[in-house]
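Report on the following structure.
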Amino acid sequence: MSADPTQTAAPSPSHVASEVLPAAWRVEIRLADDQYDPDGERLVAGAHELGIGTLRRARKVRGFLLSESYTRAEVEAIATELLADPVVDRWCLIDPRTAPPAPQAGTHRIVAAPLPGVMDPQARTVERLLRRTDRMPADGAPTIGTFRVFEVEGDLDAEQLDTVGRRLVANETIERLGIDAEGLPFGLPGGSARRGPVVVPIRELDEPGLERLSREGQLSLDLREMLEIQRHYAELDREPLLAELETIAQTWSEHCKHKTLTGVIEFEGERIDNLLRATIGHATRTLDKPWCWSVFVDNAGIVEFEGDWGVCFKVETHNHPSAIDPYGGAGTGIGGVIRDILGAGLGAKPIANTDAFFVGPLDLPDADLPRGSMHPRRILRGVVGGVRDYGNRMGIPTVNGGLWVHEGYIGNPLVYAGTVGLMRREHVDKVVMPGDLIVAVGGRTGRDGIHGATFSSIELSEDSETESSHAVQIGDPVTEKGVLDCLLEARDRGLYRALTDCGAGGFSSAVGEMGEKTGAEVHLDKVPLKYPGLTSHEIWISEAQERMVLAVPRERLEELLALFGSEDVEACVIGHFTDTKRLELFDEGESIGSMSMEFLHDGTPRPVRQATWSPPDLPDPGVPTSVDPGADLLALLGMPNISSREWIVREYDHEVQGRSVVKPLVGVRGDGPGDGAIVRPLDHSYRGLAITCGSNPEFGELDPYAMATWGIDEALRNAVAVGADPTRAAILDNFSWGNCNLPDRLGSLTKAAFGCRDAALAYGTPFISGKDSLNNEYRVGDRTLSIPPTLLISAIAPVPDVRRALTMDLKGGGTSVYLVGSSDARLGGSHYHILRGVRGGTVPAPDLERAPALMAALHGALAAGLGRACHDLSEGGLALAAAEMAFAGDMGLEIEVAAVDAGDGDGFAAALFGEAPTRWLVEVEVKDSSAFETALAGHPVQMIGRSTEAGGRLRVKDTSGALRIDLALDDLRRAHTGGFAG
Amino acid sequence: MTRSTTTSTTQATAVHAGRARVLVLRSSGTNCDFEAVRAFELCDAVAERVHTNRLAERPELLDECDVLFLPGGFSHGDYVAAGRVMAAEVRHLLGDRLHRFVANGGYVIGVCNGFQVLVDLGLLEGQGRAAHERRIALAPNHSGRFECRWVHLRSEACAADWLDQGLVWPVPVAHAEGRVALADGALAELEANRQIALRYVAADGSDLETGDAGYPACPNGAVANIAGLCDPTGRVLGLMPHPERNLDPWNHPTWTRLGERTEGEGLAFFRGLVAAARVGR
């Protein structure tokens, strides 16, 4: 290896690639000219979308750099036998330090290569391949680089090439972009490896000095916290060491500590000590369900599933990393939450993934894009790709999700990823014993992901890309899959006593958390590194992916190391747990930090924050008239929050593990949006598990309390719709809010938390875990924009017998269709209002007195087999649900809808398009009608029509008998699938 | 680890005499191994998951089984190309032993990623062709996307006479690189050797148009809508779709519209394989 020093300097994003040519053999592989090149085609389409119509053709080239110590013959053999496909590929070899042949006139080469130190799974794989097949170079160290090139043809000027390169080819946060320039990074990053203790003088600093230190050191601690640290070290009569300061910053970060939700809030004359405990925790404690095995204390909530089998569930946010690198951010988001499940109790087997994305308008004009932001289309494509490539490679089906579009997410998208796990009761509890060894397993540690925990707690700005590029992580799912395989085997053999994942804060948080009650001693020189050059504190706080920490009894160490070694997964002792209640850090024999666990975990000052809330000052627009309800229905079907997500769902492997019972898409042609997914976790049982979610950011600004209760109702009514038991449902909260130091943001958060408490108590549905992401704000110049307050509710609920599961597609044959639940004229935040361009009015909060009994009654009827299809009413209301049921079943439907009382407004439009909760359309066979009506006696239920014939039409009449909607199923399908499709 | 594997295999041989023995080979990134084992067990075969590293320690494990099954997944991440690294690994570990295994009557079956490995190994080619001279490839889907959807297959009249020929059955696919691509002249050769085992067809069993017109019933744009190929002996077979994901009556995407069913249609594929493998040795 002879890495050129100019190529390995500190990475700085720049599209002006260095002209230095790599000191490595270069293999370039392209598809033969007669082969279809989907990546090239996609680039052409993307350029045309950007208005660059002159780009005629693009072909992708996959490039590899190989150590120059290989002989030419060796490289040729590697290219022929391992890298290129003999049927569809063509390849060429270029000598070290030599430029490739100049492209023909009119052809340009856009080159992208990972920056040094950025995780490159492809290069790692080639390296492993060369080792396994004994093709090592003469100097014994195969150094591999990869790159990709798009050879584009067309009349493009420099600016257009630059646009294509930046917007469609490379992400300069993690990649080097070169246009007709052949400098490529080769080798690993260097940098000064300043190991050992570093003293940070703070005792003499004044307040501005402390604030500056926090800001410039990216500690994200506020003045009160800095003062507390200063006081603590004055008491100790010494200055802090850098590793200590970093440990405090990670542990006290909003991300790890949830300071806002657990702090003191003064709201409307009430003093709330620990909002989380007073609302969400209060509801769960009050309900005190015996089937809740572990709530709020572990990486995920764990509930009983059947017998001694339990399921656990966690949903995480990965918002800020996804804003900067959508692909890597979403991928590591799903990778991180999978590790939460692996680290729940003694570890669970992941059986399903979920995701939810909130992005800006997909048709946003380029001119409206704030500087430094990516276009929502690029963000969405990137996050879908990230979840696809990580989730699919892990062999975990992604079965449920959601997509919401709102202009408030332009500068700060939200990315949620969740995982469900399966485990036995005996694996719920974990304990760390003094003397247990601290074993790190999985990926190596690198400089990637430094300061993720603190970065996630500050607002994004146009400079985030450059300031925080080192907070971005790239995942390597194959390493995590190896961890999964070995870990579950080690669990079953009882080889460890406790574990947790390395998430935000890296080892500092993981070891700090595990050793909180005991104490821990860590030797950082034992940590396997991806490359040399990391400082002590970088090793300690790096958030490099795919790592977990185990507490291993000494007598089981040998067997554990042998197990991991047998599948080529790294495992390494980095220290041990003690009984000193102190955290002792060493590097190369020197102490670099020594702190009390008590100060670390309980020393955070608890600020008192003010919260206020007042409803937005908007007149109630009432119910605008629908002149042509059919046209309005088609327009609603095409709205981005409602239209088909098939392009996303098909990219996710939702079938792996063979447990799927109800898939994300259902119906005759697989185009019906299911209400929730069902998997069957156990081979020996018919019991199923439904996974659903609920959210509505349109409601958040108008009435955060109602958003919360409506969201819980939605997650539960989705579960009821597929046949799950709502009385055994468990839910998660995920709050994404703006800057909660501001009283209005904190006020709406408080209202939403009250809503969570009241609805959880009313429905008897405990929260079992949750996560918040605050400070989702975007700074442009001196303006700060907040996202809409966004609460995602995710639910799991058992299905007593999967053979009674329901899908939403009409089955037909003259069946009756019932409306269950009450419609009304509260249209605040509805999609009908968005369609009419109005805002305001009352949000349709559920009736917490009556809704739970209705849900239980409907579940009883469905569990008794009285329903053939069931669909919940949500965005777009009754008309939308009827349309979806009809086209999904390829079945005609004729219904009669009564207007609701809407004062001066259009009561028929309110009945069709209103989004009142706790409502379903249920298809019932005529022979079961009276039993169904009996089962729902005393609840609002009404037969509104019948299915007609296969391939028929959707007809909606009003009570005067006038035909108000009359549409062919193909018209409905076209409207539903006509939107953005990747 | 090695010792316990040996013991259990020996015991299994004694206890399960007469039952087909299946080695489900997994590597880093394999992820359909558990459902494959379940499929074989439902067909009364004895199946064991074995990591490539265990096979490296004891290559003779191969000779103790009737079926070598390469399941789906993303072996080594499918970086470079799908199945490429695992194929190199298997070639390195087993070399000629694999060819002898087939010559002696053993079955080698690959599903999805396993099919990609088989193609890369050159096991589906005719005799005596080096890996880099192969004429069959699995290329990126024509849609340019990962495709997770249900399709219909027709089992063709082919050398793998253990398939229920003419049967049309539903099964899911989930892959990004599943398009069968062939060198010039290879299609005629495959037809002559009766190697085209499974095709994507319409739900009624009729032929699809080729190319984009056949999408999405043919999810990847494969030459002649080929979904699975066998070797001239019929004992080596690979297919992109996943029969092991259609074992239960409620796996089918529209099962809520269908009448009472006792099993998923994928199970018959394993039953036929197990019956043939048991007789074969």
Side-chain angles (χ1 to χ4, degrees), chain A residues 31 35-36 38-39 41-42 80-83 85-88 121-122 124-126 128-129 132-134 388 392-395 476-478 481-482 562-563 566-568 647 649-658 660-661 663 665-668 670 680 683 802-803 805-807 809 811 869 982, chain B residues 1 26 28-32 34-35 38-39 51 53-54 72-74 76-81 84-85 88-89 91-92 131-137 139-150 172 174 181-183 186 216 221 242 244-251 253-257:
Chain A
L31 286 163
Q35 289 287 324
Y36 179 76
D39 293 317
E41 297 292 321
R42 193 173 300 132
T80 320
E81 293 166 32
L82 300 176
L83 300 179
D85 184 286
V87 181
V88 298
Q122 174 148 268
R124 281 201 57 212
T125 305
V126 176
R128 194 184 305 145
L129 175 62
R132 296 216 169 189
T133 53
D134 296 333
R388 173 196 63 210
N392 291 358
R393 281 187 168 86
M394 288 300 291
D476 178 20
V478 177
K481 181 61 166 52
L563 169 62
S566 77
E567 301 201 0
D568 309 315
W647 71 273
V649 172
R650 299 259 175 247
E651 293 236 30
Y652 296 160
D653 189 342
H654 47 268
E655 300 280 359
V656 63
Q657 299 189 11
S660 96
V661 172
K663 305 172 202 304
L665 291 169
V666 298
V668 179
R680 189 178 66 118
D683 289 339
V802 294
R803 294 168 295 183
L806 287 94
T807 53
D809 47 309
K811 309 303 184 295
Chain B
M1 181 67 189
R26 68 190 182 93
S28 169
T30 298
N31 57 32
C32 303
F34 285 102
E35 47 271 50
R38 176 164 178 255
H51 195 279
N53 287 353
R54 302 293 79 69
F74 291 79
H76 300 278
D78 279 358
Y79 298 113
V80 185
R84 179 73 44 81
V85 180
E89 193 179 23
R91 192 182 300 125
H92 194 68
H132 62 277
E133 292 167 345
R134 65 185 158 80
R135 296 155 63 78
I136 307 169
N141 295 347
H142 212 276
S143 65
R145 294 172 184 264
F146 188 94
E147 296 277 351
C148 180
R149 58 174 74 247
W150 282 66
L182 300 174
H242 287 276
E244 80 285 3
R245 298 183 185 179
N246 185 16
L247 304 178
D248 296 315
W250 45 79
N251 288 143
T254 63
W255 71 269
T256 57
R257 311 181 67 84

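All values below come from the heavy atoms of this structure, side chains included, with hydrogens, waters and symmetry mates left out. Below, chain A is the first sequence line, B the second, and so on; all start at residue 1.
In this structure, chain A has a heavy atom under 4.5 Å from the backbone of B:Asn141, while its side chain stays farther away. Of the two parts of A:Arg393, the backbone and the side chain both hold a non-hydrogen atom closer than 4.5 Å to a non-hydrogen atom of chain B. If you measure heavy-atom distances from A:Asp39 to chain B, you find no contacts under 4.5 Å at all. The parts of B:Pro253 that come within reach of chain A are both its backbone and its side chain, each placing non-hydrogen atoms under 4.5 angstrom from that chain. Looking at B:Thr256, both its backbone and its side chain come within 4.5 Å of chain A, counting heavy atoms on both sides. Interface remark: A:Gln35 contributes side-chain atoms only to the contact with chain B (heavy atom separation under 4.5 Å). Neither the backbone nor the side chain of A:Ala562 comes within contact range of chain B; no heavy atoms are under 4.5 Å apart. Of the two parts of B:His142, the backbone and the side chain both hold a non-hydrogen atom closer than 4.5 Å to a non-hydrogen atom of chain A. In this structure, the portion of B:Ala139 lying under 4.5 Å from any heavy atom of chain A is its side chain and not its backbone. For chain B, the nearby part of A:Lys663 is the side chain; its heavy atoms alone come within less than 4.5 Å. For B:Arg134, the parts sitting under 4.5 Å from any heavy atom of chain A are the backbone and the side chain alike.
When all heavy atoms of B:Ser143 and A:Arg42 are compared, the closest pair comes out as O-NH2, 4.3 Å. Of all the heavy atoms in A:Gln122 and B:Val80, the pair that sits closest is OE1-N, 3.2 Å. The heavy-atom pair separating B:Pro172 from A:Glu655 by the smallest distance is CB-CG, 4.1 Å. Closest approach of A:Met394 to B:Asn31, counting heavy atoms only: C-ND2, 3.8 Å. The two atoms that bring B:Phe146 and A:Tyr652 nearest to each other are CE2-C, 4.3 Å, heavy atoms only. Shown here for B:Phe74 and A:Val478, the closest heavy-atom pair between the two residues is O-CG2, 4.5 Å.
Annotation: cation-pi pair A:Arg128/B:Tyr79 absent, no NZ/CZ under 6.0 Å from the ring centroid and within 45° of its normal.
Among B:Asn53, B:Leu182, B:Ile136, B:Thr254, the residue making the largest number of heavy-atom pairs under 4.5 Å with chain A is B:Asn53. Chosen from A:Val666, A:Val88, A:Asp568, A:Val649, the residue pairing most often with chain B at heavy-atom distances under 4.5 Å is A:Asp568.
At a threshold of 4.0 Å, the pair B:Asp248-A:Arg803 does not count as salt-bridged, since none of the basic side-chain nitrogens sits closer than that to a carboxylate oxygen. The pair A:Glu567-B:Arg26 counts as a salt bridge, with a side-chain nitrogen and a carboxylate oxygen less than 4.0 angstrom apart.
Counting heavy atoms from C-beta outward, B:Arg245 and A:Asp653 have side chains that approach closer than 4.5 Å. B:Phe34 places none of its side-chain heavy atoms less than 4.5 Å from the side chain of A:Gln657. At least one side-chain heavy atom of B:Glu35 sits less than 4.5 Å from a side-chain heavy atom of A:Val656.
Applying the ring pair (Phe, Tyr, Trp, His ring centres under 6.0 Å) criterion to B:His51, with sequence neighbours excluded, gives no partner residue.
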